[in-house]
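Below: the structure, in structure tokens.
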Amino acid sequence: MTIAPERTADLYPTRGTSEVITPRKDPVVWSQPGTAGPFRPSELSDFERDGFFAIGELLTAEEVAVYRTELDRLVGDPAMRANPRSIVEPKSQSIRSVFEVHKISEVFARLVSDPRVVGRARQILGSDVYVHQSRINVKPGFGASGFYWHSDFETWHAEDGLPNMRTVSVSIALTENFDTNGGLMIMPGSHRHFVGCEGETPKDNYKRSLQMQDAGIPSDQVLTDMADEHGIRLFTGRAGSATWFDCNAMHGSGDNITPYPRSNVFIVFNSVENAAVDPFAAPVPRPDYIGAREFTPVR
Ligand SMILES: O=C(O)CCC(=O)C(=O)O
Ligand SMILES: [Fe+2]
């Protein structure tokens with residue numbers, strides 16, 4: 001299946017002349033209660049309530065070593081720097097992210113189809129799933145910059161054309177995520193409202209936004225109200241721990257000025273029933289290594 005379906009009604013307007021908050025119109029957990037899989041029913045309920053679920057040990061230490069070696073290989077490969085899939089830090093020029101790691105690395109391809117990973121994604125999304133995006137966020141020590149507050153779905157809807165909130169991410173730690181080295185922060189419960197952001201999408205926005213986001217950002221007032229209402233949770237954990245989070249959870253992370261890298265692999269699963277259509281608020285879709293335009297289910 002490679003042809004994008006026609007654009008559907010826009011349930012979540014964004015990038016207009018003002019900031020608009022829309023209540024979520026989609027389920028959070030899409031599978032029928034009792035659907036078998038690695039998540040226990042109570043864990044799925046927690047995910048539904050909070051918009052995330054953290055797992056202390058998704059990968060063993062031996063497995064982490066394999067993925068960590070592969071991450072180091074990709075980041076150290078001079079050819080990777082020239083690859084458009086690599087995003088460099090504006091200041092230090094060190095590699096910040098590498099996209100589509102499940103396509104350029106057999107090792108990361110295995111991780112995507114691991115039943116502990118894809119099985120959980122299927123349980124949340126209630127269907128077969130494909131990978132909308134994968135990336136490693138390297139966050140080396142001594143000055144890697146953070147990711148400003150955002151909802152991933154805002155970008156995926158506006159710039160990639162995902163119609164519904166039927167997408168989930170997992171962030172797997174390949175180095176220890178301390179409370180000091182730029183760990184992921186999420187506002188629990190924030191996934192129940194969509195913040196439609198003010199301002200048109202600039203042309204070729206992704207070239208800039210992947211280094212530093214400036215379109216699709218909620219106002220200070222909305223972020224303050226959301227943080228007051230929901231609080232902010234910081235995710236820490238050993239290498240091998242993982243955080244599953246809803247596509248519309250408000251999240252971000254700070255800079256890493258410690259000596260200790262915070263390197264995580266992110267995999268974004270989308271339901272095959274929510275395939276990308278034309279972008280809802282951008283002239284053309286982003287390149288397919290950032291937002292997939294081919295919807296083959298993970299087996
Ligand atoms: O790596 C992080 O801390 C956050 C990354 C993130 O939010 C993203 O890649 O969309
Ligand atoms: Fe994000």
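Note that ligands are numbered from 1 as they come in the structure, with each ligand's atoms numbered from 1 the same way.
- The single protein non-hydrogen atom nearest to atom 9 (O) of ligand 1 is Arg135 NH1, 2.6 Å, given as residue, atom name and distance.
- In this structure, Phe47 and Arg120 have side chains that are not in contact, with every pair of non-hydrogen atoms separated by 4.5 Å or more.
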Query raised in the report: Is there a salt bridge (Lys or Arg N to Asp or Glu O under 4.0 Å) between Glu100 and Arg135 once you walk through the steps?
Result: CA-CA 6 Å; Glu100 218 180 28; Arg135 69 199 287 188; over 6 Å; no

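- Expressed to the nearest 10°, the angle at the Fe ion (ligand 2) joining NE2 in His150 with OD1 in Asp152 is 90°.
- Contact between Asp152 and ligand 1 is present, with at least one heavy atom of the residue lying under 4.0 Å from the ligand.
- Looking at atom 5 (C) of ligand 1, its nearest protein heavy atom turns out to be Asn137 ND2, 3.3 Å.
- For the residue pair Asn137 / Ser97, a side-chain donor-acceptor distance below 3.5 Å is found, with atom types taken as modelled.
- Distances from the Fe ion (ligand 2) to the N/O/S atoms of His251 are shortest for NE2.
- In this structure the side chain of Arg122 never reaches within 4.5 angstrom of the side chain of Ser127, judged on heavy atoms.
- Close contacts between ligand 1 and Phe266 involve ligand atoms 1 (O), 2 (C), 4 (C), 5 (C) [criterion: under 4.0 Å to a heavy atom].
- Exactly one residue among Phe269, Trp156, Phe266, Tyr289 makes a ring-ring contact (aromatic ring centres under 6.0 Å, His included) with His132. That residue is Trp156.
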